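The block underneath contains the structure these notes are about, expressed in structure tokens.
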2 protein chains.
Amino acid sequence: MTAMTATTPAFVPFPASMLRLVPDSLDIAALSAQMTVLRRRVRGGQHVYRAGQPFRALFFVHAGFLRRSVATADGREQVTGFPMRGELVGVESIGSGHYTVDVVALDDCEIIELPYPAVLDACAAMPTLQGALTQALAQELRRDQYWMLTLGTLNADQRVAAFLQDLAARHRALGFSASHFVLRMSRIDIASFLALKHETVTRALSHLAAAGIIAVERREIRIACAERLGRCAGGAELARCAA
Amino acid sequence: MTAMTATTPAFVPFPASMLRLVPDSLDIAALSAQMTVLRRRVRGGQHVYRAGQPFRALFFVHAGFLRRSVATADGREQVTGFPMRGELVGVESIGSGHYTVDVVALDDCEIIELPYPAVLDACAAMPTLQGALTQALAQELRRDQYWMLTLGTLNADQRVAAFLQDLAARHRALGFSASHFVLRMSRIDIASFLALKHETVTRALSHLAAAGIIAVERREIRIACAERLGRCAGGAELARCAA
DNA sequence: CGTCCGGTTGAATGACGTCAAACCAAGTGG
DNA sequence: CCACTTGGTTTGACGTCATTCAACCGGACG
């Protein structure tokens, strides 16, 4: 009768706040003064860690792109994210004794290894660090929930649009171009992340390209109209876009 | 040909480790000695908090069942979980300044309010508490990733089977019957959580019932064969089950 | 040069969504 | 007591969109 019995959400945390990098406040310089950190290079295709290995350290991505995936006993597998520069990987495994996911480099990466016992010591010494770690965890949680929502409520074309929008924003946050970038991952990886098949991802990219919203050439993406892309990802506009 | 070049995951964290309650090590008794905690009753249908409200406290569920959901500006919404006794809610909002999801009671609940500043103080005083909180965060993260995998790789019948299996395990962990329980949430809530429509959930339940795996009567669920249910949820058995 | 891998595209199939009707239990009011 | 509503659930018929299966293309590489 009145102003809708259904609560209209006045406040919406996504996606703006989602697109900031996770460890906003993680100061690696201060951290390395506090503890010994190890710089490591990882070649494309190599694992940073594998599910089942004993949990020893967190890793801060200093350069490069990674793929995180989780698998089950019966052979099912799903990509759960694509960490990049400035993000902390390994946090999902804290407290479980061993790593629970696979993290593999998509290209040559430089990562900083933070042995977990030392992290704990440093946290005790620097309360701000503890807060930063907790916030990183919580933000990661919000990210996952945002993607759960995206995958649960959007169709294939919209999911791909949302994926591109997310990549663009993360590139911008790193100082790269948000309108022109190269996908580091295969169609199959994207499909797994978005709970689609790789043919469907290809088709969605073709639809967006046909609508003039993006230009695709193999893994090279050019975003012609970020605003339309956003409408595709967020709302009902896509019916028109993809027609 | 051989054992597949694809890495066969020798170690699998899910679902066994997933089914433990989140704050294994959160000792509320010790905590309440350390800080002032507030006991609150929440009637069924009432909100514990809403997205957008200022973040003030975490909540420990002492009794009852809740529903957590996230919404976007354009009206999309998704249930992201069903917290129950022994779980900590609100952690996803840490560091964001305001709550980022809605949490509503499905039945009459008793919850313990833990004002966040006091939690921080207590963490500083009790290092084990800090560890427990961090672990709770990480475990929640693993849970979300497990469900992402489930939703991304299973069909409708399998998702519903996995959902029932999860509920059964959580009931068992609380000392309730794992083979006979009452769903506190509607078909619509289940459907939203599993990224399906409520008719599809109903059909899936009917399939499982027709296969003799469960008995359904409105919200009352009886699990006739937990082993077959598990095979449905996990693997390829369902084609046979639901036929 | 042939092979392989990743990507693209088309056509057919099928699973889930949509729409609609009916049912059931619990209220509410006459 | 019955008529009527309301919210949740169930079932059927039909439509749609993503998957499946297949063919084909182009670049990388032995």
Side-chain angles (χ1 to χ4, degrees), chain A residues 1 5-6 44-45 67 76 78-79 106-107 150-163 182-210 214-221 232 236 238-239 241-243, chain B residues 1 4-6 44-45 67 76 78-79 104 106-107 150-161 163-164 182-210 214-221 232 236 238-239 241-243:
Chain A
M1 285 292 131
T5 48
R67 180 188 65 209
R76 285 150 43 215
Q78 169 107 350
V79 173
L106 291 171
D107 57 1
T150 298
L151 303 187
T153 58
L154 297 185
N155 67 27
D157 291 350
Q158 294 172 319
R159 289 184 212 179
V160 172
F163 176 73
V182 175
L183 300 175
R184 293 339 202 265
M185 68 296 285
S186 71
R187 300 286 191 266
I188 293 186
D189 289 336
I190 300 173
S192 172
F193 179 63
L194 297 177
L196 299 170
K197 298 295 165 183
H198 71 277
E199 297 97 324
T200 308
V201 171
T202 290
R203 277 186 245 273
L205 288 172
S206 299
H207 293 162
L208 292 169
I214 63 171
V216 185
E217 197 181 329
R218 279 184 77 77
R219 295 196 177 180
E220 203 176 335
I221 301 287
C232 287
L238 193 101
C241 293
Chain B
M1 279 286 132
M4 302 291 100
T5 49
R67 180 188 67 210
R76 285 150 40 216
Q78 169 109 350
V79 173
V104 57
L106 290 171
D107 57 2
T150 297
L151 303 187
T153 59
L154 297 185
N155 67 28
D157 291 349
Q158 294 172 319
R159 287 183 213 180
V160 171
F163 177 73
L164 292 180
V182 174
L183 300 175
R184 293 336 202 270
M185 68 295 287
S186 71
R187 301 286 190 265
I188 294 184
D189 289 337
I190 300 174
S192 172
F193 179 63
L194 296 177
L196 299 169
K197 297 295 164 181
H198 72 276
E199 296 97 326
T200 307
V201 172
T202 291
R203 277 185 245 271
L205 288 172
S206 300
H207 293 163
L208 292 170
I214 63 171
V216 185
E217 196 180 332
R218 276 184 82 76
R219 295 196 177 180
E220 203 175 335
I221 301 287
C232 287
L238 193 101
C241 293

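What you see is a predicted model, and the numbers here were worked out from it, not measured in a lab. In what follows, chains are A, B, ... by sequence order, proteins preceding strands, each numbered from 1.
Using a 4.0 Å heavy-atom cutoff across all strands shown, R219(B) reaches sugar-phosphate atoms only and no base atom.
OP1 or OP2 of dT11(D) has at least one side-chain nitrogen or oxygen of S206(B) nearer than 4.0 Å. An OP1 or OP2 oxygen of dT19(D) is reached within less than 4.0 angstrom by a side-chain nitrogen or oxygen of T200(A).
Look at CG on L154(B): it is 14 Å from P on dT19(D), rounded to the nearest Å. Going from atom CZ of R203(B) over to atom P of dA13(D) covers 11 Å, rounded to whole Å. For the pair N155(A) CG and dC16(C) P, the interatomic distance rounds to 17 Å; values are reported in whole Å. In this structure, the NE2 atom of H207(A) is 9 Å from the P atom of dA18(D), given to the nearest Å. Look at CD1 on I221(A): it is 11 Å from P on dG7(C), rounded to the nearest Å. The CZ atom of R159(B) sits 9 Å away from the C1' atom of dC16(C) (whole-angstrom rounding). Counting to the nearest Å, the P atom of dG6(C) and the CE atom of M185(A) are 15 Å from each other. The distance between atom CG of L205(B) and atom P of dC16(C), rounded to the nearest whole Å, is 14 Å.
Using a 4.0 Å cutoff on non-hydrogen atoms, the parts of residues 187-199 of chain B near DNA chain D are R187(B), H198(B), E199(B), ordered by number.
Partner of C232(A) under the side-chain contact (heavy atoms from CB on, under 4.5 Å) criterion, out of L208(A), D157(A), V160(A): L208(A) alone.
Distance check, rounded to the nearest 0.5 Å: CZ of R218(B) to CG of L205(B) gives 13.0 Å. Here the CZ atom belonging to F163(A) is positioned 11.0 Å from the CG atom belonging to L196(A), to the nearest 0.5 angstrom. Between atom CE of residue M185(A) and atom CZ of residue R219(A) there is a gap of 8.5 Å, rounded to the nearest 0.5 Å.
For V216(B), whose side chain is taken as the heavy atoms from C-beta onward, the closest listed nucleotide among dC16(C), dT10(D), dT20(D) is dT10(D). Side-chain atoms of T202(B) lie closest to dT10(D) of the nucleotides dC16(C), dT10(D), dT8(C).
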Practice item. Would you mind building the protein contact string for nucleotides 23-30 of chain D? One character per nucleotide, 5' to 3', B for base within reach (heavy atoms under 4.0 Å), S for sugar-phosphate only, - for untouched. Key: --------
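When the salt bridge (charged side-chain N to carboxylate O under 4.0 Å, His left out) test is applied to R184(B), the partners found at least two apart in sequence or on another chain are D107(B). Evaluation of the salt bridge (charged side-chain N to carboxylate O under 4.0 Å, His left out) rule for R159(A) yields no partner, not counting sequence neighbours. Remark: A209(A) engages I214(A), V216(A) in a side chain to side chain contact (heavy atoms under 4.5 Å, CB included) (not counting sequence neighbours). With sequence neighbours left out, the salt bridge (charged side-chain N to carboxylate O under 4.0 Å, His left out) criterion links R203(B) to no other residue.
Side-chain N or O atoms of S206(B) include one that pairs as donor or acceptor with a backbone N or O of T202(B) at under 3.5 Å.
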